[in-house]
J.: 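Here it is, the structure in full.
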Amino acid sequence: DVVLLADGEELARRRTGFRSLAAGASPTHDVERDGLDLHVNGVRVWARGAVWSPPDLVGLAPAADELRRTLERARDAGMNLMRVVGTSAYETAVFHDLCDGLGLLVWQDAMFANLDYPLTDEAFRATVEAELAALLRAVGHRPSTAVLCGGSEVGQQVAMLGLDAALARDGVGYGLLPAAVTAAGSDAIVVPDAPSGGVRPFRSDVGVANYFGVPGYRRDLSDVRRAAVRFASECLALANVPDEAVVAEAGPAGGVPRDAGADWDFADVRDHYLASLFGVDPTALLRTDPERYLELSRFVSGEVMAEVLGEWRREGSPCGGALVLWLRDLVAGAGWGVLDVRGEPKVAWHHLRRALAPVAVWTTDEGMNGVAVHVANDGPDPLRCELRVALFAHAERLVDEVRVPLVVAPHTTVEHDAEELLGRWADVSCVYGFGPAAHDVVLAALERDGRVCSQALRFPAGRPVTPRGADALGAVASIIRGDDAPRLVVESRALLYGARLHLPGWRPADDAFHVAPGGRCELALEPLHQDDAPLHGTVTALNLAGALVF
């Protein structure tokens, strides 16, 4: 709160925030050439978030509470940028107030999309100028407003029709919007259109792009690096399966998005990666065991998202950030949202929360060059921790491991070679094929004060989805009660892959997780209502036959 006083009299009181913005580290940074590489207060911020899809507030009272809950879910998933896209509508002051307070930056499109607008018509042009002036009065000086964009896919429409791409340069974002921003005195970064830049605006290695090579166009995961994305203004559209309650309401095929005129939908896209990553026939599995099909489908979305975002977030990537399409489903079913229509997290949300965490470890498959281990520290202080890298055979027996002290500077991402850490060549990525694979699980974990603060698992010999009994895995689940919140403890001698908690009336601190071989996962439980629900439930996992009962 800022108060203006004159002679002891309060003249004005407003909430505000202070920050500086830059599109890149260099004063000569050109968004259309170099993409968006956001710097806030002189610090590079790897921008990650989602296209904003507002909740249906009809009948909800008060609506601000639902907006806050949805935006808090975005923040809690590690997101820092919401895009109000040009195919939707301008948001309310309440939305922008909440973003200001929650520390969520806003990418604001002008509401122009997919059309040629008659800007040579003086009357129409005047309405556009008035609209932009009103927009700048509403959001131009907000601390959350980071990007102002001329619209969505106007230039892409021109280019994909085979027309001269220069025709799009007469659009709103190239003349009218920059003039309006200057007139308003706003310091927001101007992006002329999304996508934009390069000979063709939809090429991903220049400017700002909507990248859908993975998953939309069903490219191999290696395409993510080959595409050399500078900034993804939209990406990762999948039919993300919600939990059992929403599936029961909408049906297995309910809410699945489809592009107009296409003979495929986004469940088909998801099935492609279900087949390639999990080695199953989706059509046959859906027919013979629909519940397992849906459970595998929940996880494959999250694993694809985590792989893509890890590739873009690594130290050597040219990518300055990415926005998932989109945050919350508009109808019940398997929509693009990582939150379902109720605003509850899907399995994919949990994968994003780990992949986008301010302190995170992850790995990338470097083929013949082994496996790279990446550590990010987005915080303002040095990260002091121990990095553990371990190899396991049969998802259980420890083959090799190393623990090294690690100090990661603030606002930094570092990369280490797994075999260099281990001190020997171990064919960590299992590509040479000199006999059977010596290991099938690669673990990277960050530990502080004896506790795991982030971990990542890679499966170079294939994902372990064959179900085994709890006794064979050595897996147990139990409840710890204390003076504070109760906690669920899951322990397993062998890898427990793709675990989910089923405990009505409670929200766990984590879900859709893996328990490493010999590992232990302890989750705080928060009651959803004032009256505590019974602490009796189950834990399922993709490689567990049956369930762990507690």
Side-chain angles (χ1 to χ4, degrees), residues 243-244 274 277-280 289 291-292 294-303 306 345-351 353-355 361-363 388-399 401 437 439-447 451-480 486-503 506 508-525 535-550:
D243 68 16
E244 291 80 358
L274 186 57
L277 298 184
F278 285 84
V280 299
D289 193 346
E291 290 187 3
R292 183 159 179 80
L294 289 171
E295 189 69 347
L296 289 174
S297 296
R298 290 183 179 100
F299 275 86
V300 76
S301 288
E303 296 207 7
K346 300 182 185 180
V347 165
W349 181 92
H350 293 284
H351 283 77
R353 188 183 61 80
R354 289 185 284 267
V361 64
W362 69 98
T363 63
R388 180 192 179 203
V389 176
L391 310 180
F392 297 90
H394 308 296
E396 180 175 359
R397 180 173 59 84
L398 181 64
V399 174
E401 88 174 314
H439 57 273
D440 50 18
V441 177
V442 180
L443 167 70
L446 298 180
E447 299 181 4
R451 298 179 67 88
V452 175
C453 57
S454 180
Q455 75 170 21
L457 293 161
R458 182 162 294 277
F459 310 103
R463 286 164 172 77
V465 293
T466 301
R468 301 167 61 192
D471 290 342
L473 295 172
V476 294
S478 59
I479 293 290
I480 297 178
R487 307 180 79 83
L488 172 70
V489 176
V490 183
E491 301 173 277
S492 189
R493 184 184 66 250
L495 170 73
L496 193 64
Y497 175 60
R500 284 182 68 213
L501 174 63
H502 306 269
L503 182 58
W506 295 85
D510 194 11
D511 206 354
F513 56 91
H514 310 317
V515 180
R520 167 190 173 98
C521 185
E522 190 170 316
L523 307 176
L525 300 173
L535 280 166
H536 301 292
T538 61
V539 174
T540 59
L542 297 181
N543 68 334
L544 173 66
L548 307 178
V549 180
F550 59 88

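Each residue takes its place number in the sequence, starting with 1.
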J.: Sequence neighbours left out, what passes salt bridge (charged side-chain N to carboxylate O under 4.0 Å, His left out) with Glu295? Give chain and number order.
T.: Arg298, Arg500

J.: For residues Asn543 and Pro467, determine if any side-chain heavy atom of one lies less than 4.5 Å from a side-chain heavy atom of the other.
T.: no

J.: Should Phe299 and His351 count as side-chain neighbours, where that means a heavy-atom distance under 4.5 Å?
T.: yes

J.: Kindly give the heavy-atom pair with the smallest separation between His514 and Gln455, and that separation in Å.
T.: O-NE2, 3.3 Å

J.: Indicate the atoms forming the closest heavy-atom contact of His536 with Leu503, along with that distance.
T.: O-CD1, 3.5 Å

J.: Do side-chain atoms of Ser301 reach the backbone of Val347 as a donor and acceptor pair under 3.5 angstrom?
T.: no

J.: Identify the heavy atoms of Val539 and Leu544 that sit nearest to each other, and give their distance.
T.: O-CD2, 3.7 Å

J.: Is Pro517 close to Leu398 at the side-chain level, that is, under 4.5 Å between some pair of heavy atoms?
T.: no

J.: Would you find more than 12 non-hydrogen atoms of other residues, nucleotides or ligands less than 6.0 Å from Glu401 atom CD?
T.: yes

J.: Please report the interatomic distance CD1(Ile480) to CG(Leu525), rounded to the nearest 0.5 Å.
T.: 10.5 Å

J.: Considering only heavy atoms from C-beta outward, does the side chain of Asp510 approach that of Arg354 to under 4.5 Å?
T.: yes

J.: Go through the steps to decide whether Val515 and Glu491 satisfy the test side chain to side chain contact (heavy atoms under 4.5 Å, CB included), and finish with yes or no.
T.: CA-CA 7 Å; Val515 180; Glu491 301 173 277; 6.0 Å; no

J.: Taking all heavy atoms of Phe392 and all of Val399, pick out the closest pair and write down the distance.
T.: C-CG2, 4.1 Å

J.: List the steps, then state whether side chain to side chain contact (heavy atoms under 4.5 Å, CB included) holds for Trp506 with Leu488.
T.: CA-CA 11 Å; Trp506 295 85; Leu488 172 70; over 6 Å; no

J.: How many angstroms lie between atom CG of Leu496 and atom CZ of Arg468, to the nearest 0.5 angstrom?
T.: 10.5 Å

J.: Who pairs with Pro464 by side-chain contact (heavy atoms from CB on, under 4.5 Å), at least two apart in sequence or on another chain?
T.: Phe459, Leu495, Tyr497

J.: Do other residues, nucleotides or ligands put more than 12 heavy atoms under 6.0 Å from the NE2 atom of His394?
T.: no

J.: Shortest non-hydrogen contact from Ala499 to Asp511?
T.: O-OD1, 3.8 Å

J.: Can you tell me how far apart OG1 (Thr538) and CG (Leu501) are? Round to the nearest 0.5 Å.
T.: 7.5 Å

J.: So do the side chains of Leu294 and Glu244 get within less than 4.5 Å of each other, counting heavy atoms only?
T.: no

J.: Do Arg458 side-chain atoms and Thr363 backbone N/O form a donor-acceptor pair below 3.5 Å?
T.: yes

J.: Report yes if the side chains of Arg292 and Val465 come closer than 4.5 Å at any heavy-atom pair, otherwise no.
T.: yes

J.: Measure the spacing between CZ of Phe513 and CG of Leu523 and express it to the nearest 0.5 Å.
T.: 5.0 Å

J.: Quick one: CZ on Arg397 to CG on Leu391, what's the gap to the nearest 0.5 Å?
T.: 11.0 Å

J.: So which heavy atom on Leu548 is nearest to which on Ala475, and how close?
T.: CD2-O, 3.4 Å

